[in-house]
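Here is the structure we will look at.
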Amino acid sequence: MQPSVAKRLQHTEEYYFSRKLREIDDMNKAGARVINLGIGSPDLPPHPSVTAALNAYAAKPDTHAYQGYKGIPALRQAMAGWYNRFYGVTLDADSEVLPLIGSKEGIMHICMTFLQEGDEALIPDPGYPTYRSAVQLSGATPVTYTLSADNDWQPDFGALEQRDLSKVKLMWVNYPHMPTGSQAKADTFEKLVAFATKHNILLCHDNPYSFILNDAPASLLATPGAREVALELNSLSKSGNMAGWRVGMLVGKAAFLNDVLRFKSNMDSGMFQPVQMAAVAALELGKDWYDGLNAIYSGRRKKVFELLDLIGCTYDRNQVGMFVWAQIPAGYADGFAVSDEVLQQAHVFITPGGIFGENGKGYVRVSLCRDEQVFSEAIDRVKQQIVDRKKALV
């Protein structure tokens, strides 16, 4: 017997990278040795103090029990302190900070807490695909709003005001923006808060990239009035090189967090206590940690620029975050065509921008999460691809 799939899954496909990794795995089994420049999973380790804390607390006999749903006080206090030092945002550690088992989990929790059938949620195009799938799984309807290079990848508030917003209950926002690397303009957060206040919309700001190649990390919650209409997700995956550790946080108004906790507490348990204490160590690191990371990413980004120049792409050199977003050269139908050609001919995988929405189809995205030597090899492969192509035309 094959049970029917639940209605909530009928419009939700398998995640693109899940499918693509199987294809790459098959190519590798056939001897291709593909260089994967697609996924933003940091390849560098956490700070030594983080792993030392994990080992020390894991060796204790009394740290292996179930943990509370709100996280231990030391972790919430460290998260609040991190927000105060780097974002200038004061949070009540007891009521305005909720640790999460990764911020991706939080996207789902927020949608399941505040959305239901008949509701609509605004999601950016291009944008992180999980926003759409989480909205759909909640039973609500995702409605895209356009981000474009012409507007520096900022929301077009004039266009938004022309729409029927009567069913919109929630709006997903993400700056520094993934996949484009654009930062919020000086007044973007102010306009978002005003827009949400006017239309009684809950703003949900996903903020995991603010420390990567960015001299001025910013939080939406620093904007006057934001606490009444906004929640913010953050993570140690990128900033702390702890992607597999699954440490995230949701911060904002206590009443909002209490509502989310009602759903979360029925879905999971608290994270392993030694992981929480390791996260405390990561959150207590100073600016020198981030400066060191960014020195490495800066060198890698120069290599990516060189790679993209070979392919014929154009890009903004001032973008931030863990990726480089680039417009494809003329002559290709879309980013999928560029990605497939480079994969099949050079055995280098770069992400097609179309997986992030209609407005991403003319772009590709390259991750910075590989060593410079790997990027050099990718460059050599693409150079050889160009040579081979020229020979074929002779």
Side-chain angles (χ1 to χ4, degrees), residues 11-12 15-16 40 103-104 106-108 110-111 114-115 119-138 140-165 167-185 187-196 199 201-210 214 218-220 223 226 229-235 238 316 319-327 335 351-365:
H11 299 290
T12 304
Y15 195 43
Y16 170 82
S103 61
K104 186 175 182 180
I107 296 171
M108 190 72 235
I110 289 170
C111 289
F114 296 108
L115 297 175
D119 292 333
E120 293 180 349
L122 293 169
I123 61 171
D125 180 356
Y128 185 32
T130 296
Y131 303 146
R132 174 179 291 276
S133 58
V135 170
Q136 289 173 327
L137 286 168
S138 75
T141 301
V143 179
T144 59
Y145 63 94
T146 296
L147 301 179
S148 69
D150 291 341
N151 196 35
D152 294 323
W153 308 105
Q154 309 294 301
D156 183 338
F157 292 97
L160 284 169
E161 289 288 356
Q162 297 301 311
R163 303 173 72 157
D164 178 6
L165 302 170
K167 295 181 181 179
V168 174
K169 193 172 182 182
L170 187 151
M171 180 178 184
W172 282 105
V173 184
N174 163 226
Y175 290 101
H177 183 245
M178 198 291 295
T180 71
S182 175
Q183 299 190 70
K185 298 296 181 184
D187 61 350
T188 296
F189 284 165
E190 294 175 5
K191 289 180 178 179
L192 281 166
V193 169
F195 175 76
H199 297 286
I201 294 171
L202 177 64
L203 282 178
C204 298
H205 184 226
D206 191 18
N207 192 22
Y209 296 100
S210 57
N214 182 16
S219 167
L220 174 62
T223 305
V229 294
L231 285 170
E232 184 164 277
L233 288 162
N234 219 316
S235 168
K238 277 67 177 179
D316 177 4
Q319 58 187 284
V320 303
M322 194 163 277
F323 308 95
V324 176
W325 179 251
Q327 189 168 15
T351 305
I355 73 166
F356 304 108
E358 285 293 318
N359 296 317
K361 283 188 173 180
Y363 296 83
V364 290
R365 190 196 73 174

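Just so you know, these numbers come straight off a predicted model, no measurement behind them.
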From Asp156 atom CG to Lys191 atom NZ, the distance as rounded to the nearest 0.5 Å: 9.5 Å

Closest contact, heavy atoms only, Leu233 versus Gly106: CD2-CA, 3.9 Å

Rounded distance (nearest 0.5 Å) linking atom CD1 of Ile107 with atom CG of Asp206: 4.5 Å

Side chain to side chain contact (heavy atoms under 4.5 Å, CB included) with Ala194: which residues, sequence neighbours excluded? none

Determine, stepwise, if the pair Trp325 / Val364 fulfils side chain to side chain contact (heavy atoms under 4.5 Å, CB included). CA-CA 6 Å; Trp325 179 251; Val364 290; over 6 Å; no

Side-chain (Asn359) to main-chain (Pro126) donor-acceptor, under 3.5 angstrom: no

Tyr209: ring-ring contact (aromatic ring centres under 6.0 Å, His included) partners, not counting sequence neighbours: Phe323

State, yes or no, whether a side-chain contact exists between Tyr175 and Gln183 at a heavy-atom distance under 4.5 Å. no

Heavy-atom closest pair (Phe189 atom, Ala218 atom, distance to 0.1 Å) is CE1-CB, 4.3 Å

Could you check Leu160, Leu202, Val143, Ile123 and say which one makes a side-chain contact (heavy atoms from CB on, under 4.5 Å) with Met171? Leu160

Criterion side chain to side chain contact (heavy atoms under 4.5 Å, CB included) on Met178 and Met322, from CA distance to verdict: CA-CA 9 Å; Met178 198 291 295; Met322 194 163 277; over 6 Å; no

Donor-acceptor under 3.5 Å (His177 side chain, Gly127 main chain): no

On a heavy-atom basis, the closest approach of Gly360 and Asp125 is N-OD1, 4.3 Å

Short side-chain to backbone donor-acceptor contact, Lys169 and Phe114, under 3.5 Å: yes

Counting only N and O atoms by type, is there a donor-acceptor contact under 3.5 Å from the side chain of Asn151 to the main-chain atoms of Gln154? yes

Donor-acceptor under 3.5 Å (Asn174 side chain, Cys204 main chain): no

Pair Lys185 + Asp152, salt bridge at N-O below 4.0 Å: yes

Correct closest heavy-atom pair for Val135 and Thr141 would be CG1-C, 3.7 Å

Looking at every non-hydrogen atom in both residues, tell me the closest pair between Ser235 and Ser103 and how far apart they are. CB-OG, 3.7 Å

Look up atom CD in Gln319 and atom OG in Ser182, then write down how far apart they are to the nearest 0.5 Å. 9.0 Å

Val324 vs Asp316 side-chain heavy atoms within contact, under 4.5 Å: no

Under 3.5 Å, is there a donor-acceptor pair between the side chain of Glu120 and the main chain of Leu165? no

Contact between Pro155 and Leu192 at the side-chain level, heavy atoms closer than 4.5 Å - yes or no? yes

Rounded distance (nearest 0.5 Å) linking atom CD of Glu358 with atom OG1 of Thr146: 10.0 Å

How long is the span from the CG atom in Leu203 to the CG atom in Leu231, to the nearest 0.5 Å? 9.5 Å

How long is the straight-line distance from CG of Asn207 back to NZ of Lys238, given to the nearest 0.5 Å? 12.0 Å

Go through the steps to decide whether Tyr363 and Trp153 satisfy the test ring pair (Phe, Tyr, Trp, His ring centres under 6.0 Å), and finish with yes or no. CA-CA 13 Å; Tyr363 296 83; Trp153 308 105; 5.5 Å; yes

Please identify each residue that fulfils ring-ring contact (aromatic ring centres under 6.0 Å, His included) with Tyr131, with sequence neighbours left out. Tyr128, Trp172

Kindly say whether Leu115 contributes a backbone atom to a donor-acceptor pair with the side chain of Asp119 at under 3.5 angstrom? no

4.5 Å side-chain heavy-atom contact, Thr130 and Lys104: yes

Write down the atom of Tyr145, the atom of Leu122, and the distance for their closest heavy-atom approach. CD2-CB, 3.8 Å

Under 4.5 Å between any side-chain heavy atoms of Met108 and Leu137, yes or no? yes

